[in-house]
Visitor: 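I'd like to ask you about the structure that follows.
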Number of protein chains: 2
Amino acid sequence: MGGNGHKLLTAEREQRIMQLLRDAEVVTVSAISAALGMSEATVRRDLQAMHERGLLERVHGGAAIKQESKPEPLFSDKEGQFSAEKQRIATTALTLIRDHDTIFLDGGSTVLMLARLLDSFKALTIVTNSLMAAAQLMESPHRLILTGGEFRAISRTLVGPLSSPILKNIVVDKAFMGTMGFTTSDGMSTTDANEAYTKTQVMERARQVILLADRSKLGSSSFVTCGSDWRLDVLVTDAIDAKMRQELEERETRVIVAGKNAGAKIKADTTRRNR
Amino acid sequence: MGGNGHKLLTAEREQRIMQLLRDAEVVTVSAISAALGMSEATVRRDLQAMHERGLLERVHGGAAIKQESKPEPLFSDKEGQFSAEKQRIATTALTLIRDHDTIFLDGGSTVLMLARLLDSFKALTIVTNSLMAAAQLMESPHRLILTGGEFRAISRTLVGPLSSPILKNIVVDKAFMGTMGFTTSDGMSTTDANEAYTKTQVMERARQVILLADRSKLGSSSFVTCGSDWRLDVLVTDAIDAKMRQELEERETRVIVAGKNAGAKIKADTTRRNR
DNA sequence: GTGGAGATGATTGATTTTGATTGAATATAG
DNA sequence: CTATATTCAATCAAAATCAATCATCTCCAC
């Protein structure tokens, strides 16, 4: 190929790698190694360095281009589908709830699954801005309070400044949040400014903030962040890499990983609780 | 395509699978296996992973593209008695609405029927405390705002003091109210104090108060009234006795009786408006 | 020339992915 | 309804890939 017999500077190599990525979306380590005439070990080192600078995504066997911010899938897409991870996360999060708690439920499919499991408890006060969760809890014996606000069709939640006055009047014990993306630098992020605004408000009014996010959310960042000085007390997820886990624990965020068997165990537990 | 006969990265395989799916709607596991040159076990693993991310539907023997399904019961409604009368009342009430209005929709089946007919208008701002109406208007192009508050299961509305702060912040052009009972002495009445409280709040924030009530409501009184010094600008009903009509007109309340043919005429009217 | 800092390529053990095998679950035919 | 044939999910060994380590190489200053 056009590669001159000369040595390649690191910067030069990175340009070539980026070009390969733009051409093909994904490339294998061996392909890069062959194209640039260097050992796979060096390619991996380069890829890792570039990944840490956010230039690309690392995948097993190669690398993929990083897309800026993922477009938000329609709610119906995420809804009917059964996701084992989300189910496990929701089931694990159940252990954080006690009878007589006042809890907030955010939008999002994982939190919605949690809403479906709340029949086991007694006398909860449930505050939510999610119409899906409200529909789910309509027949439940719990006390149900909806925040007002402007209806956002894509997430089926109530958001924006109009939700502010009612949120100022309440305090919840635990806020179960969903999110489009989460990074340790920016905290939660979403695609809509009004939604981010409401999330921020809620978290200020909660004694404990709990984020339910599967591993696809961790490390990815969406359009709007929910305030720079974010706070998170508990993260429930299905898998997390060691680095982020350590960063979170340094910030005193408790990390709970919903293990494969956790679901069954806890399910039995809640069944017992369910009279 | 640069499809070299070499190794395929996971991301590449998923792209190819999605392409096959778009071409054929449904594909068998064995077909994918043959097309991509990989074992069926790996194909199944990929399909499961993609299914959990909502990219496709899994079917026995293969996979199918995910299509948007629109069955949205969310809130199922029970049509009660007098539905023909209610229909006429709602259709008549339509004539009171103009494009770009800001309107409030109360709970109740008659108001709900009105909500179903609002697609004809352009750029309404709709404020409501009725979850049924909200579900109905979810797909509409109008701006939709929900008052917050405590959920009252029997009427599926949001009521109580918590709805107060948000109502204080808005002004609506027209408030379309429903009620359990109505008398000239007490005004509207209902069975729940919180609901009455919210009704009162709404009417204070509306430039024009419009009551939709079939003849079974007129003259009967329920448990709680909505304030002693009630005000009503328009009453839309299907039949009214002369005495009450006169009393109302003395209070400067306009009375509109939805005649049997009124529905059709106005329907034509709205159809025209619907461009 | 000498020595150190940084980078490269090979090696190694650990991790991940793959494909074959198995018994269970599901669909199809009679 | 039962019997037969697919298809599935779980398991395991083999292959591929990874991250860490180490010896070597280059460049540059002294």
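Quick caveat: nothing in here was measured; it's all calculated off a predicted structure. Residue numbers start from 1 in every chain, and the chains themselves are labelled A, B, ... in the order their sequence lines are given, proteins ahead of strands.
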Visitor: State plainly whether the residues A:Arg156 and A:Glu195 are in salt-bridge range, i.e. N to O under 4.0 Å.
Guide: no

Visitor: Can you measure B:Arg13 atom CZ to C:dG19 atom C1' for me and round it to whole angstrom units?
Guide: 12 Å

Visitor: Do the side-chain N and O atoms of A:Arg152 and A:Thr191 include a donor-acceptor pair separated by under 3.5 angstrom?
Guide: yes

Visitor: Applying side chain to side chain contact (heavy atoms under 4.5 Å, CB included) to B:Arg13 and B:Thr10, what does each step give before you reach the verdict?
Guide: CA-CA 5 Å; B:Arg13 292 201 312 255; B:Thr10 307; 3.8 Å; yes

Visitor: Starting from the first five and the last five pairs of the helix from C:dG1-D:dC30 to C:dG30-D:dC1, work out the angle between the resulting helix axes, to 10 degrees.
Guide: 30°

Visitor: Using the ring pair (Phe, Tyr, Trp, His ring centres under 6.0 Å) criterion, which residues pair with A:Phe182? Sequence neighbours excluded.
Guide: A:Trp230

Visitor: Give a yes-or-no answer on whether the side chains of A:Arg16 and A:Gln19 include a donor-acceptor pair shorter than 3.5 Å.
Guide: no

Visitor: I need the CG-C1' distance between B:Leu9 and C:dT16, as an integer number of Å.
Guide: 13 Å

Visitor: Using the rule side-chain contact (heavy atoms from CB on, under 4.5 Å), only one of A:Val159, A:Thr157, A:Thr190 pairs with A:Thr198; which is it?
Guide: A:Val159

Visitor: More than 12 foreign heavy atoms under 6.0 Å from CD of A:Glu250: is that the case here?
Guide: yes

Visitor: What is the distance, rounded to the nearest whole Å, between atom CG of B:Leu36 and atom P of C:dG19?
Guide: 11 Å

Visitor: Does a side-chain N or O from A:Ser39 land closer than 4.0 Å to OP1 or OP2 of C:dA10, or not?
Guide: no

Visitor: Are B:Arg45 and B:Glu40 within salt-bridge range, i.e. N to O under 4.0 Å?
Guide: no

Visitor: How does protein contact run along nucleotides 10-25 of chain D, one letter per nucleotide 5' to 3', with B for base contact, S for sugar-phosphate only, - for none, heavy atoms under 4.0 Å?
Guide: -B----SSSS-B----

